Each structure stands twice: as structure tokens, then as C-alpha cells.
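What you see is a predicted model, and the numbers here were worked out from it, not measured in a lab. Convention: sequence-line order gives letters A, B, ...; per-chain numbering from 1. We use all heavy atoms of the structure for the numbers below, so side chains are in, but hydrogens, waters and symmetry mates are not.
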Number of protein chains: 2
Amino acid sequence: MPEKTYQIGVEATMEVIGGKWKSIILCHLRLKPMRTSELERAIPQISQKMLVQQLRELEAANIVDRHVYQEVPPRVDYRLTEYGHSLSGILHDLCVWGEENIDLRREQGEEITLLHRDDL
Amino acid sequence: MPEKTYQIGVEATMEVIGGKWKSIILCHLRLKPMRTSELERAIPQISQKMLVQQLRELEAANIVDRHVYQEVPPRVDYRLTEYGHSLSGILHDLCVWGEENIDLRREQGEEITLLHRDDL
DNA sequence: ATTGATACTTACTTTTTGGTTGGTATCCCA
DNA sequence: TGGGATACCAACCAAAAAGTAAGTATCAAT
């Protein structure tokens, strides 16, 4: 087996929550389980392909659990696993820091808007 | 001016610390100011180009300050700005979570190594 | 038999990110 | 006069990530 090495812990964390979409998805799932279509509505810019792909990667990392209801029409939701919840504090802090960053930049004259402030 | 919009705070945060290198650089600078050559040694996989490029972007975001000493041979170091320090807690948590993630994966049989555990 | 709803899946293209190589600039010192 | 040391920059190319569009599968209701 080829050995994988990291220089510093944050590298491993960023493999899990890095990229354009994973942290956004996780910030939503942190608050409640959500169906595919709900996530699509909450993250309007994401394509179906990226949503599914990122969810699969989060499942593989044991962060997200895919829950299938035995119903017709089909129904699935996604939720943080117990291990996934260990990211909850970090995700919260990332959201809050970003909100403050946006406030600051707007005060400095940047044209910038935050649409949905999830007050957590 | 074209208005920039975010759906959720974490998007803005990830613009600042996202990508392959920024969080790693910041985790080092969090502990002490460092010279270019020191950062190169601390992050052996990074190319000069990426190091400089990422530092410039962090400067532009007011996270990192470039400090030039008036000496020959030239000497420069980089350090977190006061605003940059507001990320310190998050950076610490990202490192710690990653270290624990690596431990867990090794316990589960993955061939995986963390070279430098900065005990903070 | 056709449509509607949901949740994917695949093939293909574009964009973004990162890597390599080879350069510049400054000044001291031998 | 020509290394050596440090920091940085530019041109070019490769690889990875993300976007688009269209198709599959299931089963119920009409």
C-alpha cells in the first residue's frame, strides 16, 4: 500500500472540507438533515452533478450519512454522522468569521451582499 | 461596480483560507513570523511560484503583512496582521481536527503518517 | 401507454489551479 | 569582474476541478 503522508494536520482537514462546495453543504447539514432537492434550493448555484459527487465524497469520509426512505416516489436525505458532528464547531466558526469579513468589507465600500445569514 | 453576493458566510471564509496552500501557510505564520526560505523549508512540496502567489493573495485580503528589512542581502518576512490573528482559533481547530482524523484513520488500518505535529 | 416525481449518472467541455524552467534585481566581497 | 545570497517574476504547459446537457431508473397514478 502506498503510504500517504501529511506535513501538518490542517492538510487532512482540508481534504475533507476543502473545495468549492463541501463546506457549504456541511454548513447546511449541520443544522438539520436535508433532502437532495432541499439542498439544491439552499445552494442554487450548484449543479446536480457536483452536489451528488460532493455528497458521495463526504459519505466516503464518514462525515455524511445517506438515509433512504422506502417510499415511492423515492426519497433520500443526508445528515451528519456522529463523526461529522465533530466538525460542527469549526463549521459554525467558519460561517461567523465569513459574516464578519463581509460586514467589514462592506464598511470599507465594497459592493458585497450576504443573502442568508443563518443565525445559529 | 459589479455586486458580489454570497449565500452563506462560509463562502467568504473559504475564499480567504481555501485552496491547497493558504491554510497551510497560515497555520505556520500563526505561530511566528517567517521568512520566505523558512516557509519553503516548512512546506517542502510548495513551489516558489505558489508560495509567492498565495502570500500576495493573503496580503491583498489583509491577513498577512510583508515586512522588509533594509539589509543586504535582502530579507523579508511574513506575519499575520492583527486582522489575520482573528483566524487563529479557526486555524488551530483545523490543525487539531486533522491530527485526530489522521489518528483515527491509522487506527482503522490506513497507511498514513503525520510528519510534524505542532503541539500548540 | 404515458406522464410525473425523485434521485441520480454519463459524456463532454471549460475554467481554475498548480508545476517547470529560466530569468531579473540588489549589493557585498574576493 | 564575477560569484553568492535572497527574493521575486514571467512564460508556458499539465492536471484537476467544476460546469453543461442529456439520459437512466423506479413506480404510482391517470
Does [N] have its OP1 or OP2 closer than 4.0 Å to a side-chain nitrogen or oxygen of [X]?
X     : N     : value
A/Y69 : C/dA7 : no
A/R66 : C/dA7 : no
A/Y78 : C/dA7 : no

How many angstroms lie between [atom1] in [X] and [atom2] in [Y], if you round to the nearest 0.5 Å?
X     : Y     : atom1 : atom2 : result
A/L39 : A/H28 : CG    : NE2   : 7.5 Å
B/I25 : B/L91 : CD1   : CG    : 11.5 Å
B/I43 : B/K20 : CD1   : NZ    : 12.0 Å
B/E57 : B/K22 : CD    : NZ    : 4.0 Å

In whole angstrom, give the distance that lies between atom [atom1] of [X] and atom [atom2] of [N].
X     : N      : atom1 : atom2 : result
B/H67 : D/dT6  : NE2   : C1'   : 16 Å
A/I25 : D/dA17 : CD1   : P     : 15 Å
A/L55 : C/dT9  : CG    : P     : 11 Å

Backbone N or O of [Y] within a donor-acceptor pair of the [X] side chain at under 3.5 Å?
X     : Y     : value
A/E15 : A/E11 : no
A/T81 : A/D65 : no
A/E38 : A/R35 : yes

Legend entry - Contacts of type side chain to side chain donor-acceptor pair (under 3.5 Å), residue B/S86, not counting sequence neighbours: A/W97

Legend entry - Pair A/Y83 + A/H85: ring centers closer than 6.0 Å: no

Legend entry - Members sharing B/I112's hydrophobic cluster (side chains within less than 4.5 Å): A/Y6, B/I102, B/L114

Inset, instruction - For the helix from C/dA1-D/dT30 to C/dA30-D/dT1, measure the angle between the helix axis at one end and the axis at the other, each built from five pairs, rounding to 10°. - result: 30°

Inset, instruction - Sequence neighbours left out, what passes salt bridge (charged side-chain N to carboxylate O under 4.0 Å, His left out) with A/D93? Give chain and number order. - result: none

Please list, pair by pair, any protein nitrogen or oxygen found under 3.5 Å from a nitrogen or oxygen in nucleotides 2-6 of chain C.
unit_1	atom_1	unit_2	atom_2	d
C/dT6	O3'	A/R35	NH2	3.1
C/dT6	O3'	A/P74	O	3.1

Give each protein N/O atom lying under 3.5 Å from an N/O atom of nucleotides 15-24 of chain C, with the pair distance.
unit_1	atom_1	unit_2	atom_2	d
C/dG18	OP1	B/K20	N	3.2
C/dG19	N7	B/K49	NZ	2.9
C/dG19	O6	B/K49	NZ	2.1

